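This report refers to the structure that appears directly beneath it.
Bear in mind that the values here come from a model prediction, so they are computed numbers and not experimental data.
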Amino acid sequence: MRFLLSSIVICLGIIFSNILNVEARIPYTYLNIGGLTPDQQINSCYYVYGRPTANLAVRNCNGFNINEVTYNSELMVYYINGGYNEDGRIRAIVCNEDNIATNLGVKVGMSKDVVWSIYGDPDKHYKETQGTTWCYLADSEDHPNMPLYFFFDDKDVIKTIVVGDIGYYY
């Protein structure tokens, strides 16, 4: 009887620990840097940051373009130009600037410990040749698994923050 009871407790512990690991998501509202979020219109970027230093067509995807708006090579905003119900919608923001923060106050140049204390354990992490990458996932009805990335150098200091789906553009 004691063996059966301990087996049940162990099985329940394994089941609940797996359920808790699956739910390690951040709210969709955390996908914000410098006042910009995925799904906003590109005009909101112009309103906040003014005229970009460059506006490039990056890739043609089935009749619509992915454009990049750049501000001094430190802030890049990718948006859709054309396509059904997508025209002008921001899809990703890439920031290398140390004076632009996420809506929770994290900036380029801060340590991995700061990110962990604010966002907790990442949903995914990758070892790179010159540092690591942490990925936090957020869910919305339109975009399940929309990511927030922190790229760290080999000293565990943030070198780049990416909000949104970067795989779509590179």
Side-chain angles (χ1 to χ4, degrees), residues 13-14 16-42 44-56 58-59 66-79 89-170:
I14 290 170
F16 284 118
S17 69
N18 286 336
I19 289 171
L20 293 175
N21 286 337
V22 170
E23 295 300 321
R25 303 268 182 200
I26 59 172
Y28 194 78
T29 57
Y30 286 15
L31 297 180
N32 180 314
I33 187 161
L36 301 175
T37 63
D39 294 332
Q40 280 182 315
Q41 289 294 310
I42 191 63
S44 59
C45 180
Y46 301 150
Y47 180 77
V48 173
Y49 293 101
R51 185 177 177 171
T53 53
N55 190 347
L56 309 167
V58 177
R59 180 182 298 165
I66 305 299
N67 286 27
E68 175 188 324
V69 173
T70 303
Y71 292 89
N72 298 325
S73 300
E74 299 297 320
L75 178 68
M76 287 79 61
V77 180
Y78 294 88
Y79 70 97
R89 192 168 68 143
I90 295 174
R91 296 298 296 144
I93 304 108
V94 178
C95 182
N96 300 311
E97 182 67 51
D98 63 1
N99 67 351
I100 298 174
T102 68
N103 61 341
L104 298 181
V106 176
K107 299 178 184 181
V108 168
M110 291 183 164
S111 72
K112 189 181 277 187
D113 292 336
V114 170
V115 174
W116 183 82
S117 69
I118 293 173
Y119 291 95
D121 292 326
D123 292 303
K124 299 179 182 182
H125 54 87
Y126 310 96
K127 181 73 176 151
E128 310 286 344
T129 53
Q130 296 180 347
T132 56
T133 301
W134 283 6
C135 176
Y136 295 88
L137 297 172
D139 279 334
S140 78
E141 288 183 24
D142 295 335
H143 306 290
N145 299 322
M146 184 68 82
L148 168 63
Y149 291 98
F150 293 96
F151 293 86
F152 300 96
D153 64 16
D154 56 357
K155 295 178 179 68
D156 290 341
V157 174
I158 300 170
K159 61 182 181 180
T160 303
I161 301 171
V162 177
V163 177
D165 186 6
I166 64 170
Y168 197 49
Y169 310 104
Y170 294 107

query = Side chain of Y78, backbone of V69: donor and acceptor closer than 3.5 Å?
reply =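 It does not hold such a pair.
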
request  = Check for a donor-acceptor pair, side chain of Y71 on one end and backbone N or O of G50 on the other, with a separation under 3.5 Å.
outcome  =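 Checking the backbone N and O of G50 against the side chain of Y71, a donor-acceptor pair under 3.5 Å is found.
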
ask   = Should the pair D39-R89 be classified as a salt bridge under the 4.0 Å nitrogen-to-oxygen rule?
value =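 R89 and D39: salt-bridged.
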
With no hydrogens and no angle check, just 3.5 Å: does a side-chain donor-acceptor pair link [X] and [Y]?
{"X": "D156", "Y": "S111", "answer": "no"}
{"X": "Y119", "Y": "T102", "answer": "yes"}
{"X": "Y49", "Y": "N72", "answer": "no"}

For a 4.5 angstrom cut-off between non-hydrogen side-chain atoms, does [X] reach [Y]?
{"X": "P38", "Y": "V163", "answer": "yes"}
{"X": "P147", "Y": "V162", "answer": "no"}
{"X": "T133", "Y": "F150", "answer": "no"}
{"X": "I42", "Y": "Y47", "answer": "no"}
{"X": "D121", "Y": "W116", "answer": "yes"}
{"X": "T37", "Y": "I90", "answer": "no"}
{"X": "I158", "Y": "V115", "answer": "yes"}

Looking only at heavy atoms, which two atoms of [X] and [Y] are closest? And how far apart?
{"X": "K107", "Y": "A101", "result": "CG-CB, 3.6 Å"}
{"X": "P52", "Y": "T70", "result": "CB-O, 3.5 Å"}
{"X": "Y136", "Y": "P122", "result": "CE2-CA, 3.4 Å"}
{"X": "I100", "Y": "G34", "result": "CG2-CA, 3.4 Å"}

If I take atom [atom1] from residue [X] and atom [atom2] from residue [Y], how far apart are they, to the nearest 0.5 angstrom?
{"X": "N32", "Y": "I93", "atom1": "CG", "atom2": "CD1", "result": "7.5 Å"}
{"X": "L75", "Y": "I33", "atom1": "CG", "atom2": "CD1", "result": "7.5 Å"}
{"X": "F151", "Y": "E128", "atom1": "CZ", "atom2": "CD", "result": "7.0 Å"}
{"X": "L137", "Y": "L148", "atom1": "CG", "atom2": "CG", "result": "9.5 Å"}
{"X": "I118", "Y": "I26", "atom1": "CD1", "atom2": "CD1", "result": "12.0 Å"}
{"X": "T132", "Y": "D154", "atom1": "OG1", "atom2": "CG", "result": "9.5 Å"}

task = Show the numbers, then the answer: is there a side chain to side chain contact (heavy atoms under 4.5 Å, CB included) between N96 and M76?
result = CA-CA 9 Å; N96 300 311; M76 287 79 61; 3.6 Å; yes

query = Looking at residues at least two apart in the chain, or sitting in another chain, which of them share a side-chain hydrogen bond (donor to acceptor under 3.5 Å, both in side chains) with E97?
reply =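 Expected list: none.
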
query = Taking the six-membered ring of F152, is the NZ or CZ of K112 close enough (under 6.0 Å from the centre) and on axis enough (within 45°)?
reply =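 Here K112 passes the 6.0 Å and 45° test against F152.
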
